[in-house]
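Report on one structure; see the data block that follows.
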Amino acid sequence: MKIDVLSIGSFPDATNAELANRFAVTRYARRPAPHALPDDVKNRLRGIATEANHGVGTDLIDVAAARERNIPVTNTPGILTDEVADLAIGLMLASARQILFADRYVRDGSWAKKGPIRLGRSVGGKTMGVLGLGGIGRAVADRGAALRMHVIYCGPRHKEDAPYEYVADPVELAQRSDYLMVACKGGPETRHLVSAAVIDALGPQGTLINVARGSVVDERALAQALAEGRLGHAALDVFETAPNPSPELLKLSNVIVQPHHGSATIETRTAIGQLMVDNLSAHFAGRPLLTPVR
């Protein structure tokens, strides 16, 4: 008899098929309230496959509560690193070269009526500050270096294997950066790490790119700084109030927004889903978990 697993979220077809092949699956597109699950279902469930931990971050999972109940938690680190880093660079280039604005400018006839668009901004030769040099941050930094950018970084500690200059203070990092990449982990310890002071230090010529967690950036301070011209530009894949970003941010023409899809390619999401399924299978077979959250 197949073990019962609760599936929460939208997974690639290959993942859904593999889950169904190995387990008896109860699916919900969105997280159900505890009382919404019938008692007979709750009593049968032995595992949960969820998009909430379908990546490297664990801030959306109460890991301590799971540990108290002897429920192991896994994530899917490493697989999405390159994909998220690619999006971060894409957001930087889209902002610097006005790619979204330019697309609309051609489509609505403005090019023919008004002539060339205003000039964009270079990235080569500029300074990229990376906040958080974990796997994703390092991949972003390496891509910045390949674009002939001067890369500096900030994190809890200096990393001996990093070929980039370490800056201990986030405010100093922002002050020295033309483009500030936010790639650190989420959670209470990094909430509003990108504070009003960091945003002001980045300045009217600076650009903030966030592919980490919305909680890392003080979104109200960000919107105010952008509206008042104290910060030049922002490109954001994550928000404090996702999936409903601040209306103040959405009104601004110097902001590019995305629907938190850093890992959202068919290839990467399928690989992530396979690792999730393999972790479930390992657990129920009594084998060591492939990627346990300690």
Side-chain angles (χ1 to χ4, degrees), residues 12 51 54-57 76-107 117-153 164 173-174 177-186 194 202 205-214 216-217 219 222 226 231-239 242-243 245 249-250 252-272:
E51 282 187 307
H54 211 210
V56 66
T76 57
I79 296 175
L80 50 73
T81 296
D82 285 336
E83 219 69 81
V84 177
D86 285 348
L87 180 65
I89 296 299
L91 287 172
M92 178 180 70
L93 293 171
S95 178
R97 297 306 305 272
Q98 309 174 88
I99 290 174
L100 273 68
F101 170 79
D103 178 85
R104 294 191 298 270
Y105 195 80
V106 174
R107 291 176 186 276
I117 65 172
R118 61 181 182 266
L119 298 179
R121 308 179 312 282
S122 296
V123 297
K126 299 296 181 67
T127 297
M128 173 192 284
V130 181
L131 187 59
L133 204 73
I136 292 172
R138 177 61 187 268
V140 172
D142 291 347
R143 285 160 171 74
L147 291 171
R148 299 182 297 102
M149 302 183 78
H150 174 61
V151 178
I152 57 179
Y153 76 97
Y164 308 115
L173 182 80
S177 298
D178 298 296
Y179 298 91
L180 181 61
M181 291 283 188
V182 183
C184 59
K185 67 179 182 179
V194 180
L202 189 53
Q205 304 304 315
T207 302
L208 177 74
I209 299 102
N210 188 7
V211 293
R213 286 287 189 263
V216 177
V217 176
E219 202 166 279
L222 175 64
L226 287 162
L231 176 64
H233 304 268
L236 311 168
D237 187 43
V238 289
F239 306 89
L249 277 176
L250 298 182
L252 300 172
S253 61
N254 52 348
V255 178
I256 293 175
V257 295
Q258 299 287 290
H260 195 178
H261 71 147
S263 66
T265 66
I266 294 169
E267 295 85 355
T268 291
R269 286 288 177 87
T270 300
I272 287 173

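Note: hydrogens, waters and symmetry copies are ignored here, and every other heavy atom, side chains too, is used.
Atom CD in Gln98 sits 9.5 Å away from atom CD1 in Ile256 (nearest 0.5 Å). The NZ atom of Lys126 lies 13.0 Å from the CG atom of Leu147; values are rounded to the nearest 0.5 Å. Summarising the geometry, atom CG belonging to Asn254 is positioned 7.5 Å from atom CG belonging to Leu231; distances are rounded to the nearest 0.5 Å. From Thr127, atom OG1 reaches atom CG of Leu180 across 11.5 Å, with rounding to the nearest 0.5 Å. Taking CG of Leu202 as the start and NE2 of His233 as the end, the distance is 10.5 Å to the nearest 0.5 Å. Atoms OG1 and CE, on Thr207 and Met128 in that order, are 11.0 Å from each other to the nearest 0.5 Å.
A 4.5 Å side-chain heavy-atom check between Val257 and Leu249 finds every atom pair outside the cut-off. With contacts defined as side-chain heavy-atom distances shorter than 4.5 Å, the pair Glu83/Leu87 does not qualify. Side-chain contact between Pro12 and Ile266 is absent, with no heavy-atom pair separated by less than 4.5 Å. Within the 4.5 Å cutoff, side-chain heavy atoms of Arg143 are placed close to those of Asp86. Looking at heavy atoms from C-beta onward, Arg118 lies in side-chain contact with Phe101 at the 4.5 angstrom threshold. By the 4.5 Å heavy-atom criterion applied to side chains, Arg269 and Glu51 are counted as neighbours. Residues Ile136 and Leu80 are in side-chain contact: their nearest non-hydrogen atoms beyond the backbone lie under 4.5 Å apart.
Screening Asn210, Ile209, Leu236, Val140 for a side chain to side chain contact (heavy atoms under 4.5 Å, CB included) with Val182, the sole residue that qualifies is Asn210.
Defined by atom type and a distance below 3.5 Å, a donor-acceptor pair is missing between the side-chain atoms of Gln205 and Arg121.
What you find for Ser122 and Tyr179 is that their closest heavy atoms are O-OH, 2.7 Å. The shortest heavy-atom contact between Leu208 and Leu222 is CD2-CD1, 3.7 Å. The two residues Asp82 and Ala139 make their nearest non-hydrogen contact at OD1-CB, 4.3 Å. In this structure, Tyr164 and Tyr153 approach most closely via the heavy-atom pair O-CE2, 3.2 Å. The two residues Ala88 and Met181 make their nearest non-hydrogen contact at O-CE, 3.5 Å. The two atoms that bring Gly144 and Ile89 nearest to each other are N-CD1, 4.3 Å, heavy atoms only.
Between the side chain of Asp237 and the backbone N or O of Val211 there is no donor-acceptor pair closer than 3.5 Å. With Thr81 contributing its side chain and Gly78 its backbone, the two residues share a donor-acceptor pair below 3.5 Å.
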